[in-house]
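We count ligands from 1, going down the list as the structure has it; atoms in each ligand are counted the same way.
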Amino acid sequence: VIEELLPAEVISVDTRGDLVDATLFPDEERIVGNAVEKRRREFTTARACARAALAQLGFPPIAIPAGERGEPLWPEGVVGSITHCAGYRACAVARSTEIATLGIDAEPNIALPDGLLAEITGLDELLALRRLQLAAPEVQCGRLLFSAKESVYKAWLSVARCSLSFKDAVLTFDLSTGTFTARLLVAGPQLPGGTHGRFSGRWMVRSGIIMTAITAPASVPRSPS
Ligand SMILES: CC(C)(COP(=O)(O)OP(=O)(O)OC[C@H]1O[C@@H](n2cnc3c(N)ncnc32)[C@H](O)[C@@H]1OP(=O)(O)O)[C@@H](O)C(=O)NCCC(=O)NCCS
């Protein structure tokens with residue numbers, strides 16, 4: 001499903017149910033060795049999605065360990081992102097020669113817990129969000145904002161290698177195009193494609209799940225001559 005939000009260079013594999021036959025490599029087993037069953041299942045299914053996606057880029061089945069912040073460690077020359085929530089697991093990968101960084105996130109289309117919205121939004125964002133909520137009552141817009149910020153974080157971390165707090169990115173959503181823009185308030189790396197200080201993303205809601213995705217191209221698209 002999430003492939004609708006991603007450019008053709010990105011390979012995604014997703015599933016609504018758990019893949020009961022999926023197995024883990026020892027390096028991955030260590031990550032969830034003491035985890036509860038629910039966490040094991042989401043982790044194992046998402047790793048299986050990741051291997052299926054990597055296979056489409058020509059990789060044999062390989063372990064995808066985790067870095068010190070929990071981020072998946074992709075083979076050389078690959079960028080990628082993983083998400084899971086109740087009833088959905090997904091992975092997206094691409095060659096780093098084509099995509100500089102990417103982040104995907106899925107969340108149930110339900111209201112955020114009390115108090116969380118105030119923690120993750122600035123005042124301007126909050127006002128814009130109220131307008132968006134009036135225009136799109138079927139979307140839990142606070143949750144949409146949260147998901148989009150998680151996508152920003154995942155895309156940011158693999159290029160900036162440092163953390164980003166929720167209020168370090170100001171997001172603007174466009175209902176008619178299903179797009180959003182993230183303006184970063186902290187200094188970060190210059191990305192190809194002129195995306196310095198800014199990420200562009202896409203979003204949608206399908207069968208009760210909010211999905212968001214950020215991709216940044218690895219080179220400036222050629223303008224038609
Ligand atoms: C790490 C984080 C982004 C994960 O998002 P989430 O919505 O809780 O959970 P999701 O299921 O969508 O994503 C989990 C997957 O993200 C990946 N992930 C974890 N930490 C990551 C990181 N630091 N960077 C990139 N990807 C990360 C992992 O693959 C993880 O799944 P796995 O452990 O099974 O491999 C989130 O927990 C977090 O720490 N957020 C705080 C920081 C933030 O969002 N700032 C906002 C900046 S605007």
Side-chain angles (χ1 to χ4, degrees), residues 2 5 12-15 18-19 22 24-25 27-51 53-54 63-74 78-93 101-110 112-113 116-117 119-122 125 129 140 142-173 180-186 188 197-199 201 203 209-216:
I2 205 159
L5 300 181
S12 62
V13 172
D14 58 2
T15 172
D18 278 317
L19 307 172
L24 295 174
F25 282 82
D27 277 356
E28 299 168 333
E29 188 64 50
R30 273 192 281 280
I31 301 170
V32 285
N34 297 320
V36 296
E37 186 55 24
K38 174 179 167 291
R39 168 68 180 137
R40 270 193 80 81
R41 276 192 272 120
E42 68 178 20
F43 179 88
T44 306
T45 298
R47 283 302 193 271
C49 290
R51 278 186 266 285
L54 286 173
I64 303 151
E68 58 186 29
R69 293 172 199 266
E71 74 278 17
L73 297 177
W74 302 103
V78 172
V79 293
S81 184
I82 287 174
T83 187
H84 31 59
C85 69
Y88 190 69
R89 288 91 172 80
C91 172
V93 293
T101 187
L102 68 90
I104 61 169
D105 191 78
E107 295 281 330
N109 186 24
I110 56 174
L112 283 178
L116 184 54
L117 190 60
E119 280 178 37
I120 66 168
T121 41
E125 235 173 7
L129 203 63
Q140 288 293 338
R143 184 70 74 163
L144 169 64
L145 180 81
F146 180 77
S147 174
K149 288 200 174 197
E150 299 287 55
S151 279
V152 169
Y153 179 77
K154 292 174 185 176
W156 163 267
L157 192 97
S158 66
V159 282
R161 312 307 311 168
C162 63
S163 233
L164 189 71
S165 79
F166 281 104
K167 291 187 181 174
D168 288 338
V170 180
L171 270 59
T172 317
F173 293 86
F180 64 92
T181 303
R183 184 166 53 85
L184 299 172
L185 303 181
V186 290
R198 224 167 254 275
F199 281 125
W203 64 275
I209 307 229
I210 294 172
M211 297 177 196
T212 58
I214 299 254
T215 50

What residue and heavy atom of the protein are closest to [atom], and at what distance?
atom: atom 19 (C) of ligand 1; result: G70 O, 3.2 Å
atom: atom 46 (C) of ligand 1; result: F166 CD2, 3.4 Å
atom: atom 45 (N) of ligand 1; result: L164 O, 3.2 Å
atom: atom 27 (C) of ligand 1; result: E71 CA, 3.6 Å
atom: atom 13 (O) of ligand 1; result: K154 NZ, 2.9 Å
atom: atom 17 (C) of ligand 1; result: P72 CD, 3.8 Å
atom: atom 24 (N) of ligand 1; result: L157 CD2, 3.4 Å
atom: atom 40 (N) of ligand 1; result: E150 OE1, 3.0 Å

| Does a side chain donor of either D105 or S147 reach within less than 3.5 Å of an acceptor in the other side chain? | yes
| remark: Only residue of L185, V152, L157 satisfying side-chain contact (heavy atoms from CB on, under 4.5 Å) with L164 is V152
| request: Please assess L102 against K154 for the test side-chain contact (heavy atoms from CB on, under 4.5 Å), listing each intermediate value before the final yes or no. | output: CA-CA 7 Å; L102 68 90; K154 292 174 185 176; over 6 Å; no
| said: Tell me the nearest of I82, T83, V170, T44 to atom 16 (O) of ligand 1, using heavy-atom distances. | reply: I82
| field | Residue pair R51, I64: steps toward the side-chain contact (heavy atoms from CB on, under 4.5 Å) verdict | value | CA-CA 8 Å; R51 278 186 266 285; I64 303 151; 4.2 Å; yes
| message | Could you go through C49 and D14, starting from their C-alpha distance and side-chain angles, then the distance that decides it, and tell me whether this counts as side-chain contact (heavy atoms from CB on, under 4.5 Å)? | response | CA-CA 6 Å; C49 290; D14 58 2; 5.6 Å; no
| said: Does atom CZ (R183) have a neighbourhood of more than 12 heavy atoms from anything else shown, all under 6.0 Å? | reply: no
Please could you name the atoms of ligand 1 that [X] approaches to less than 4.0 Å, counting only its heavy atoms?
X: S165; result: 47 (C), 48 (S)
X: E107; result: 7 (O)
X: D105; result: 7 (O), 12 (O)
X: A169; result: 48 (S)
X: K149; result: 46 (C), 47 (C), 48 (S)

So is [X] touching ligand 1 or not, going by heavy atoms under 4.0 Å?
X: R39; result: yes
X: K167; result: no
X: C85; result: no

| field | Region of R47 engaging ligand 1 - heavy atom pairs below 4.0 Å | value | side chain
| Basic-acidic side-chain contact under 4.0 Å: R40, E29 | yes
| field | Lys/Arg N to Asp/Glu carboxylate O, K149 vs E125, below 4.0 Å | value | yes
| Centroid-centroid under 6.0 Å between F146 and F166 rings | yes
| task | Kindly compute the distance separating CZ (F173) from CZ (F180), expressed to the nearest 0.5 Å. | result | 6.0 Å
| query | Is there a side-chain contact (heavy atoms from CB on, under 4.5 Å) between L129 and L117 once you walk through the steps? | reply | CA-CA 10 Å; L129 203 63; L117 190 60; 3.7 Å; yes
